[in-house]
Amino acid sequence: MSSTGGVRRPASRYGDSPGHRALRIVLIGVAAVAFVTGIGWLAWQHQQNGISTELSSFRVVSDHQVRVRFEVHRSRTTAVVCTIQALAPDHSVVGELTVTIPAGGSATTDLMPTLRTERRATAVQIASCTRR
């Protein structure tokens with residue numbers, strides 16, 4: 001007699017069989033390993049880019065200009081293109097500037113460009129810096 005009072009419950013009615021459960025666990029494990037591997041690969045690719053930036057400061061000059069100071073760290077042999085964006089209080093982009101840093105020179109470049117904006121900006125971000 002079973003612990004359910006002698007009544008046998010069909011497995012299909014109350015869940016998977018132990019074999020299906022084990023298969024589900026294996027598939028979830030494979031998916032988790034694939035996810036973690038993908039995240040690791042993306043981090044490695046980002047590191048291989050060899051470019052890092054640091055936004056030092058920005059100053060709103062007027063309703064239509066923002067002065068930005070930022071550093072780019074890279075290999076001396078790498079030409080870099082950086083896109084800087086000025087943002088309004090509603091987080092919309094109100095100005096954008098692309099700066100090109102040629103190969104050669106110092107591995108650390110300090111830049112101070114002025115962005116023209118369509119209206120007053122309250123924040124600045126470095127949208128991207130990539131190899132040229």
Side-chain angles (χ1 to χ4, degrees):
M1 198 180 259
S2 70
S3 63
T4 58
V7 178
R8 303 188 91 211
R9 296 182 180 161
S12 62
R13 184 174 182 185
Y14 294 100
D16 292 338
S17 67
H20 287 138
R21 212 168 305 140
L23 179 61
R24 186 181 310 138
I25 290 170
V26 168
L27 290 175
I28 290 171
V30 168
V33 168
F35 178 76
V36 169
T37 301
I39 295 295
W41 181 81
L42 287 173
W44 181 79
Q45 284 293 94
H46 181 68
Q47 181 183 18
Q48 295 305 309
N49 189 7
I51 301 167
S52 66
T53 60
E54 181 179 340
L55 179 63
S56 303
S57 63
F58 71 91
R59 182 171 55 91
V60 178
V61 177
S62 70
D63 285 346
H64 297 288
Q65 286 188 333
V66 177
R67 182 107 177 158
V68 180
R69 182 173 187 178
F70 70 103
E71 290 182 352
V72 177
H73 308 279
R74 62 182 170 106
S75 164
R76 292 180 185 188
T77 60
T78 303
V80 176
V81 176
C82 294
T83 301
I84 300 102
Q85 296 177 332
L87 307 173
D90 64 356
H91 304 289
S92 62
V93 176
V94 294
E96 187 172 274
L97 178 68
T98 300
V99 179
T100 301
I101 305 163
S106 176
T108 298
T109 305
D110 191 22
L111 299 160
M112 291 181 25
T114 299
L115 278 80
R116 296 190 56 68
T117 62
E118 58 189 45
R119 58 188 164 114
R120 190 166 191 85
T122 56
V124 173
Q125 69 180 4
I126 299 171
S128 67
C129 270
T130 58
R131 293 176 187 258
R132 183 173 150 182

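Along the sequence shown, the residues carry numbers beginning at 1.
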Where [X] and [Y] come nearest, the two heavy atoms and their spacing:
X	Y	answer
P113	L97	CB-CD2, 3.5 Å
S106	T109	O-OG1, 3.8 Å
A86	A121	CB-CB, 3.8 Å
L55	F70	CA-CB, 3.9 Å
R131	I51	N-CD1, 3.6 Å
T117	D63	OG1-O, 3.1 Å

Item checked: 4.5 Å side-chain heavy-atom contact, V60 and T122 ->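 No, side chains not in contact.
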
Next item on the list: Compare all side-chain heavy atoms of H64 with those of E118 and state whether any distance is below 4.5 angstrom.
Entry: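 Side chain of H64 against side chain of E118, heavy atoms only: no contact under 4.5 Å found.
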
Margin query: Any donor-acceptor pair under 3.5 Å linking the side-chain atoms of R119 with those of S92?
Written below: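 Per modelled atom types, S92 and R119 side chains form a pair under 3.5 Å.
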
In Å, rounded to the nearest 0.5 Å, how long is the span from [atom1] of [X] to [atom2] of [Y]?
X	Y	atom1	atom2	result
Q125	T83	CD	OG1	10.5 Å
R120	S62	CZ	OG	7.5 Å
R69	S57	CZ	OG	6.5 Å
E71	D110	CD	CG	5.0 Å
Q85	H91	CD	NE2	13.5 Å
I101	L111	CD1	CG	4.5 Å

Item checked: ILVMFWY cluster, L87 and V94 together (side-chain gap under 4.5 Å) ->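 Per the 4.5 Å side-chain linkage, L87 and V94 are not co-clustered.
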
Note to self: Can you confirm whether more than 12 heavy atoms, excluding those of R67, are under 6.0 Å from its CZ atom?
What the structure shows: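 Count over threshold, so yes.
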
